[in-house]
Structure formats: C-alpha cells, structure tokens
Amino acid sequence: MKVLAAGVVPLLLVLHWKHGAGSPLPITPVNATCVTRHPCHSNLMNQIKNQLVQLNSSANALFILYYTAQGEPFPNNLDKLCSPNVTDFPPFHANGTEKARLVELYRIIAYLGASLGNITRDQKILNPNALSLHSKLNATADIMRGLLSNVLCRLCSKYHVGHVEVAYGPDTSGKDVFQKKKLGCQLLGKYKQVIAVLAQAF
Amino acid sequence: MALFAVVQAAFLLTLLSFRTYQSEVLSEPLPWTPESLEVSINSAQQCLYLQWRVHNLTHHQELKMVFQIEISRIETSNVIWVENYSIPVTWNQVLHWSWESKLPLECVTHFVRIRSLVADASIPEPRFWSNWSSWEEVDAQKSLGQDPLFVFPKDKLVEEGSNVTICYVSRSPESNISCAMEDVPIHGKRLSPNVSVFILNDVRFIRETGTNIYCLNPSNMSGIILYVSKVLEEPKDFSCETQDLKSLNCTWDPGHDTTLRHQSSQRYTLFESFSGKTKLCEHKKWCHWQVAPDSQETYNLTLTAENQLRRRSVSILFNLTHRVHPMKPFNVFLKSISATNATMTWKVHPVGNYSTLLCQVALHGEGKVIQHNVSVKVKSQYFLSELEPVTEYVTRVRCAAANHFWKWSEWIGQTFTTLEAAPSEAPDVWRNVKSVLGSHIVTLFWRPLSKSHAHGKILFYNVVIENLDKPSSVKLLSIPAPANGTELTLDQCSYQIHVTANNSVGTSPASIIVISRDPGNKNVEEGRIQGTEDGFSLSWKPQSGDVIGYVVDWYPQDPRCQLQWKNLDPNTTSTVIRSDAFRPGIRYNFRIYEISTERIAYLLEKKTGYAQELAPSENPQVAVSNLTSHSFSLSWKDYSTDSQSSFIQGYHVYLKPKEEQCHPGFEKVVLSDDSVCCQYKIDNPEQKTFVVENLQPESFYEFLVTPYTSVGEGPHDAFTKVTIPDEYSHVLIRIILPMIFCLLLLMVLCYLTSQWMKEKCYPDIPDPYKSSVLSLIKYKENHHPTIMNVNDCVPDAIEVVNKLEGSKIQFLGARKSLTEMEFTKPAYLYLLPTENYSGPGPCICFENFTYNQAASDSGSCGHVPVLLKTPPSQLALLTSPENLLKTLEQNYVNSSGGSPAGETSLNYVSQLASHMSGDKDSLPTNPPGPALCSEYRTQMAVSLGLASPSPSENSSLSSVTLLDQGEPRR
C-alpha cells in the first residue's frame, strides 16, 4: 500500500494532468543532468544510419531463416502465421523532429531487442540445430545493442535526454511451442517492415 | 369377516408405518458421503484432478471406502467413464483422484460426480452407496483467449505407435476449416458446430523438434506441436563388476534414446534391495555403485529406466567375489635377454583378500603365438625359452581371478629382440665355370641365408680357395655382404672352395665346391624342352651311382639375369623347375649336373626352352643388294635366332606378284588382310640370304621376310619396295656420266680462259675514286680529300711530236687519215692555269671528273685554258684557229700502228702519272683512244650538274666542241 501511495497515485495524477496521458514519459526535464559513461562518437548520426542500414540489409534474410527453420506450415502460410500485426508495437513518425524520431527509434529498438532475446532463447530450445538462425539472431541483437547505445548517446549529448521509457512485447515463456514460433515469426515480419522505414527515415 | 378386515387393516398400517420409517431412515444422508468435490484441469497432461473430503469421521477413525466416480462428456447423460476408487479414509483427509482424457479436455465440456460406499469390515452389512454428488461441470473453453481458432492438445508427448486425438475449437461455427499434419491433410469428425475431432493412429517419430499439426480457415491458422518419442526400451546387457572389491561398475545398453528437444530425457536409477539404497545414475550407459564397507557379499541390483511415459527395470543378483575383473598388470619388464631366452617379470594390483590371480602370458613372434598360464600373488616372473635369435617378440600378460573366473584384465605388453647367434647353416653355393686360355673363370653364386639360419646380420662371406694339387696353397677372400657371388680366375689345377657366412657372433658351416682340372663333358648336346604352366619338367639318366646329389641350374637368354640353381637329392632323376620369374617368350637354358662324392660337378645334360613360346614380334631388318634388271638379293644376317621369343623354324619370303602367277619356288597364299602374296619358305633358320630372281625389268616389287615358328610367324607389317631397273640403264650410266664430267671440265676451262681473256683484252676501267692518288691528296689536305687544289695542280703537257715525214695521221672522230705533215722537232703545248685570263681565247681543256669537281669547288681552274708560253714560235703556230686545228688534229693521231720517228703528234701527258709522261716511248703503245675521250665527256656532263659554273666554262666548252667535231657522240 505504501508503494501505491508513494508511486502509483502521483503517477496517475500526473498522467491525468498532462496532455497525452497514457504514453510513457519520453524526455528528461531540460534542466536535468544527463551524463554518458563514455564520450559519444563525433559522427554519431552516421553511425546510427549505418547501423540501421546494416539491420535493414539483413532483416529479410533473418526472416527467411526463421520461418524456414520452423518447418511447415510456416513457409507456405506467411500471411496467416507471420503477418506483422503486432499489437503493442511502438509507433514511429518519420516526419517528426530529430529528437522525437530518436526517442521513437529508441523505443522501437528496445522493444525489438527484448523480443529478439525471447526468440533467441526459444529457438535454442525448439530448434537447437538451426545454428545459422541462432548466429543471425545473435548478430542482429548485437547490432541492436550498439544502436541503442548510440541513440541514447545522441539523445543525451544533444537533447539532454537521459531516460526514455520503453515498452516490451509479450513474454513467450508461458506460451505453447506453436504459439512461440508464431509470435516469433510475426515479430520478425514486423521487424523487417519497420526497419526499412527506420533506415529510410534517418 | 370383520376381523379379517381389521387384521388386514392393522397389517397394512403396520406395513405402512414400517415403510414410512424405513423411508425416513433411508432418506437421511449417510454419515460418510463425499463432500466438497472440486474438479480442475491439467492441460499439459490432459488430466482431470478431483479432490474431496469425507466428513463425519471420528478422530483416529479409519474406514476403508469405495468411491464411484462418473464422468460425462458434452452432457451429463453421456457417461464416458465410471470407476470405483478404493482407499482407506481417515479423519479430515483430502482425497485425490485423477483421470487422463484421451480427448483434449479443452475440446468439450466434461461433467463429474461421485458417491461412496463403506467397505470396512467394522461396519456391518448391508452396505449402501451414498447419494451422488451433484454434477461438477468442467468447461475449459471458458478460459481460452480471444483467438478465433484453437488446436488442442498443446505440446503433447506420446510414444511412437500410439494413437492421438486432437481437436480444434473455432469461435464461430465454420465449415471450411482444414487440418494437416506436416503438410498431410487429416480428416476428423465434427462434435459440434465449433468443434471437430481428429484421431491420429500409430503416430511415427519424425524429428526431435516435434511434429507440426495445424488447422486453418481462410483468415486464421493455429497449430500445435506433437512430440513423438521412441519407446523406452528395457536396458540390455546389464552387468556389474568390481576391480578392487570397493566399488561396482555397472554397465548396460540403453537401446533407443528417447530424448526429445523441449522434453526431459530418460534417466536411470540403481536400487539395491538388500541395503535399500538407491542411486540416480549420471550417465546413460554406466553407473558406479559404492560397495558397502560391511562386507556385503551378495547384491541384488535393479536398474530402472524411466522417462515421462514409461518405466522399465531389470535386475541382477550376484556375489561380489564372483564379479572380479582385475586391473591390468603393471611394471612389465624383460631381463636376461639372450639369443634364445628371456625372463619376463610383472606385478598385479591386489584384489582384496583374493590375492591369487591367474595370469596368462602370450608370446607373439615369427607369426606364432604361444600362451602360458601362471598363478600369481603379487609379483611374478616367467622364463621364455626356445626363442629364435635376432627376432622381435611381443610378450603380453593379463590376469583374472583364480578362484572364480569372471573376466580377463586388459593386456599389457612389452617388445624385445633376442640377441644374435652364429649362422646355423652353410650358404647354398653354386658355380659357373668357363675355360679361357688355359685357365678357369669360376663364378661363385650363393643365396643369402634365411633369417632363421643367419641368426643376425651377415657381415661378410669368406671364400677359402685351396689348391688340391698344392695343399699348402690356400687363398682367403672376404666378400662383404650383401654380395651374392664372386668371380675367381684359377689355373688348371684342382681347387676346393669353402664358402662361409659370418655375422658379428660367428661363422656358419662351410659350403664346399671342388673345381676339377678336367672341365668334364664338353660335348653334351643341347636338347630342347617345352615349358608348361607348372614349369619345366626335366629328367636325366644318372651316369655314375656314386653321387651326393644333383644340381640343375638355369639362366635366361638375357645376360642381365642371374644364374639360378636347384639342389636335388642323389636319388632324384627328374624334377620340375618352377619359378615366378619365368616369363613367356624368354628362352631359358638348363644344365643338369651330378655332384660326385668329391664334390665335383659333372655336366650331364643341357636343355633349352621357353616357358611359353610367343610368335615373333618383329621381322628381321632386310638389306637389298645386287639389284639387277632381273633379280635382287635379300640379306638379314644380323637377325639372331637365339634371342627370339620362340624357336625360329625358318623364314617366309613374301613377294607381291605383278602377275597372277608366282615365280618358281613361290606359292600363292592369302594373308590375314585378304591380300594375295607369293610365299617362299626357307626351312633353315640359319639361312639368312635369299635371291629373288626372274623379275621383270623396269618393274616394281614389294617383299617381306618374316620368321615362322611353331606358334606363328612374324607380323605382316610394311612390305619393302624395290624398283627393278631396265636392262640398258647401266650402259647409259656408263656413258653419260663421263660425258657430263667432261662437259663440266670444259665449262670450267672456258670460264678460266674468259677471265684471262678479259684481263688481257678488256681490263676494267679504274675508278678514280679508288685511285691511290686520293690517298696522297688526303695527306695533304684533310678538308678536301677528293679535290685537287689549284695550287697543287701540276700542269699537264701536251707533247707535240714532230713527224719527220710521211706520217699518216688519222683523225680521231672520222677515223680518216689526215694530211701528212712534217715537223723538224717536237713542239709542246702546255696546259696551264689561266691566272689572268678572262676572255675567250684559244685553249684546250681535258675534262676530268676529278679535276672538274675540284675546279667547281675552288671557283677557278675549272677548265684550264692553254697558254702557249714557250716557245714563242710554237705560240705563233697556235694563234690562228687554223693552226690550232691542225695542231690538235695532229695531236689526236691514233698511233696504234706505231709512229715512225719524226712524226709530229699531240699527246696528253699526265703530270701525276710520271711514268707515263716521262716515258715518251710508251706513248705510241697506249694512245688515248676516241672512246676514252668520250668517257671523259660523260664524266664532265655529270660533274657539271653537280658543280657550280665557273667563269671559264664557256671557253672550255668551245674547246670541247672543237675537239668533238670529227666524231659524233655515242
């Protein structure tokens, strides 16, 4: 109860008062200090662009590897099993300011990174012999971690944003195996779709 | 009647009251009725879990009860399962029961009810079932999500070969839902508008990651993964043994691995019934069991294999001491190794109190294995005897329990080599003797000793030559190995030769051969022998009965191959010589010797033959000679009949006929290529010449000479062509050749003569550029090597020779005789440079190419006007044109015929050619002819084109014109 009184109630009050209540708080107050652990690279935006391009170039191959490894009916029923209708996926507005776009990018990459972690964990159990898929999933997750760090660095150094609230996808650990495969396929289909937009936007 | 009615009424009332009482008693609930029934679902295992209580049990009361459970599906009236569950029930106990549904519980609604019966002996009969509990409805579909389509059961694990029921649940009643298993459509039965059931019979294992089963409608798809595992097998070959009586090592064959991905694997446990101990094994094929320290001897071990679906067990009962499998021995050494003996020692690990082990020693060597058994406490040794010298042996040892044999330990071994010993046998020696110029060339051959006889590495062979005629004369030769023979030159004496083989330890017995001074029977004729697949069969007649053996030696015709021999017993008179070295088409020569008691070899017979005769592979090289118009000779004397692949029986001479008839002696044959030839047969293989006669002159013949043997003749390869000359060609050659020679000689002579004639009659005109004068000028002026400087000019002189009288002058141009003129003395015209002369005047210019070129360069002295300086009288003569003309006419007199003295003439005298100018007498012999004058003009014309004009050019031209008047220019 103390926790509720101390944390949730003020939060609800704030949410009610503020415009756009319900969305996570994206930005650290302007006067708050934002410190990065290491100095950011001078050519940070280029690095972010290159990482997005790199992810975009490998997204389709990852998608194909995934649904091929699941066996039938996945390869022949992509529309039903792998359609990119992920409900709580973070939005992205390509016509926003750089700051807004970076914040949204951060949320998307955080979402995707967590989901890729779930997929990698599941696939190592469900398809232990699909080594190329595991390798590709790990490589993608590595790039995403680097991208996340760079985006945060950019937000912090230029816009003094030190914290962005993020949302994650559903945990698949309690799902049945077929559902795990299906959710993974949907997520990778969504990833392939979104990363193309992101690579174009930056 | 009334009484009857009263009694009847009373009876009925009594009965009614009893029934009422009974009904009241029965309608009361029994005191041990099941209550608080709760039903739940385990979707993973597709089980219904029931739990309930039985009230009214007193404290510490325990009753044996039977519970009857009914399960209905879809509706309560559709009872699908009834089961009686017996269990002793205590106070306040929560009872559990589960039921596994074949149909996934999510597919349809289930109903459950329960009732009880006391079956305890403490409760007297009659026993009645309690009332049913109310139906408990189990509807799993209520807890499903909002997805439009579901398939059940999720992630079910079944054994291979079992039957599986699946179903789909659709949120809306649809008829166009299809299902498939790994792309293979499956067909089911519709239970309700939203539910269909599919029964999969005898499912097979497809992969460890499960089998995909899915259902789809036009907009959605859902599926499950069915895990099909192999059936867990009973462990095979379960066995336990000990190495040290402290622990047991149990092993087994697990059979199929039933492990699936995403599912836990099978596990194994050991249970010992006497001690009651259990151990979960870490490995699938073996497990360690610690032996109890209380000296338990008998063990009853049960191995249980278990997975999620099945459990299998196997047990063994054994005495620990009967399962001793000792560790392999250690510290294996070999000592006291000699040529034939060695001692092996080893140690064994102690096995509790059973320290007596049975050990087996195995000796491997020379392709044989010898085994011995030894009883061992802790340390033991074994003496290995009767070994072969210089032989590598492998000795191994293993042990087992002596009292209760179970298993041998692993082998442990050592390798050793015995030492060398002296060779045990004399080398097998043979010889070949040639008599050359009063001496014997003896070639000794010996075979290397076999390994079993050499007893080590043979280092050298000793050859002792003992002169039997001079016993004191002994010669020793030491031939280093691996030589297998030597050559000796002996005189005509008898010799005894001892050959011994030596290694590092000692010497072999000697092999003795005697070379007699008498070479023996030299006149043994050579017979022929035919080899077979088995070899050459030889037989002979013994000549003397006192022999110690026979030797057959042989060698192929090829001198590169070495002599071979075979020793035979004295009673043998025939043998078959077999050798892998025998080759078809090679001639082998055999000699049979008898060995006398004095060890002297006497030649008995000589044979020669082929293991297999082959047709000749090539024909002789035939030379054609004595070619005449009617015959020619063929010769193939270089063809060796002994070195062929079979015995040559003769030759066939083939001649392609020009006519239908063959020549006398030839017969017509058809060759393999269907061509017709004339064949002449030569029966004597040593006849290697043949004369082909009766030929037609100026014709063309083709011939072939090929040997023939018992297995065929040589190849019919290219025929040699011969052209027969005509009869007169040799005569013509005898005439024409000398004529050609003479003609050539004549041509050479003519050529030489023409050269001489040319030199004498038409010598070459010297080229001024190649004149030696140029080199002289070069020394004087280097900058104008080809130009004569004006200052250096030496005036030429024209010598006017006065013809005394009657001289006949002939003009140069018209070659006509001029009027004879008389001169009293010679007069001279000098050709001088015109230093002050500028206008035209009488002058004479001799145009020389060299001079003109110089003049053009210098701008003066181009055409030298003639100034008559001295003497005045002569000048006067030349002042008038007429006189000058006369003078000139006189000067150009051809004096080839000789000018008489006193005749006046005008001669050009070169100052450079002093010998010419100074020799007046020579002038008549080489007068300047008209042709020379013409050549000068030609040179002038060329040089003018090249040189610049000079002021005196006109005057010079006028002078030339004057000179040319008498003769047209050619």
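Here is how names work: the chains are called A, B, and so on, in the same order as the sequence lines, proteins then strands, and each is numbered from 1. All values derive from a computational prediction rather than experimental measurement.
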Can you tell me how far the [atom1] atom of [X] sits from the [atom2] atom of [Y], to the nearest 0.5 Å?
X	Y	atom1	atom2	value
A:Leu81	B:Ser222	CG	OG	9.0 Å
A:Glu72	B:Asn212	CD	CG	8.5 Å
B:Arg207	A:Asn129	CZ	CG	11.5 Å
B:Met221	A:Asn76	CE	CG	9.0 Å
B:Ile224	A:Phe178	CD1	CZ	9.0 Å

Within a reach of under 6.0 Å around [atom1] of [X], are more than 12 heavy atoms found that belong to other residues, nucleotides or ligands?
X	atom1	value
B:Lys230	NZ	yes
B:Lys189	NZ	no
B:Glu137	CD	yes
B:Ile186	CD1	yes
B:Lys279	NZ	yes

Are side-chain heavy atoms of B:Asp147 and A:Gln179 found at a separation under 4.5 Å?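 Heavy-atom side-chain distance check passes, below 4.5 Å.
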
Is any side-chain heavy atom of B:Leu216 less than 4.5 Å from a side-chain heavy atom of A:Pro73?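 The answer is no; the side chains never approach within 4.5 Å.
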
Measure across [X] and [Y] and return the closest heavy-atom pair with its distance rounded to 0.1 Å.
X	Y	value
A:Lys80	B:Asn217	CE-O, 3.3 Å
B:Tyr227	A:Leu126	OH-CD2, 4.1 Å
A:Pro128	B:Thr209	CD-CG2, 4.0 Å

Select one option (side chain, backbone, both, neither) describing which atoms of A:Gln70 are under 4.5 Å from chain B's heavy atoms.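 Only the backbone of A:Gln70 comes within 4.5 Å of chain B.
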
Donor-acceptor pairs are to be reported for all side-chain atoms of residues 56-63 of chain A against protein atoms at under 3.5 Å, with residues two or more places apart or in another chain.
residue	atom	partner	partner atom	Å
A:Ser57	OG	A:Val53	O	3.3
A:Ser57	OG	A:Gln54	O	2.7
A:Ser58	OG	A:Gln54	O	3.4
A:Ser58	OG	A:Leu55	O	3.3
A:Asn60	OD1	A:Lys192	NZ	3.4

Check for a donor-acceptor pair, side chain of B:Asp155 on one end and backbone N or O of A:Val177 on the other, with a separation under 3.5 Å.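 Such a contact is found between B:Asp155 side chain and A:Val177 backbone.
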
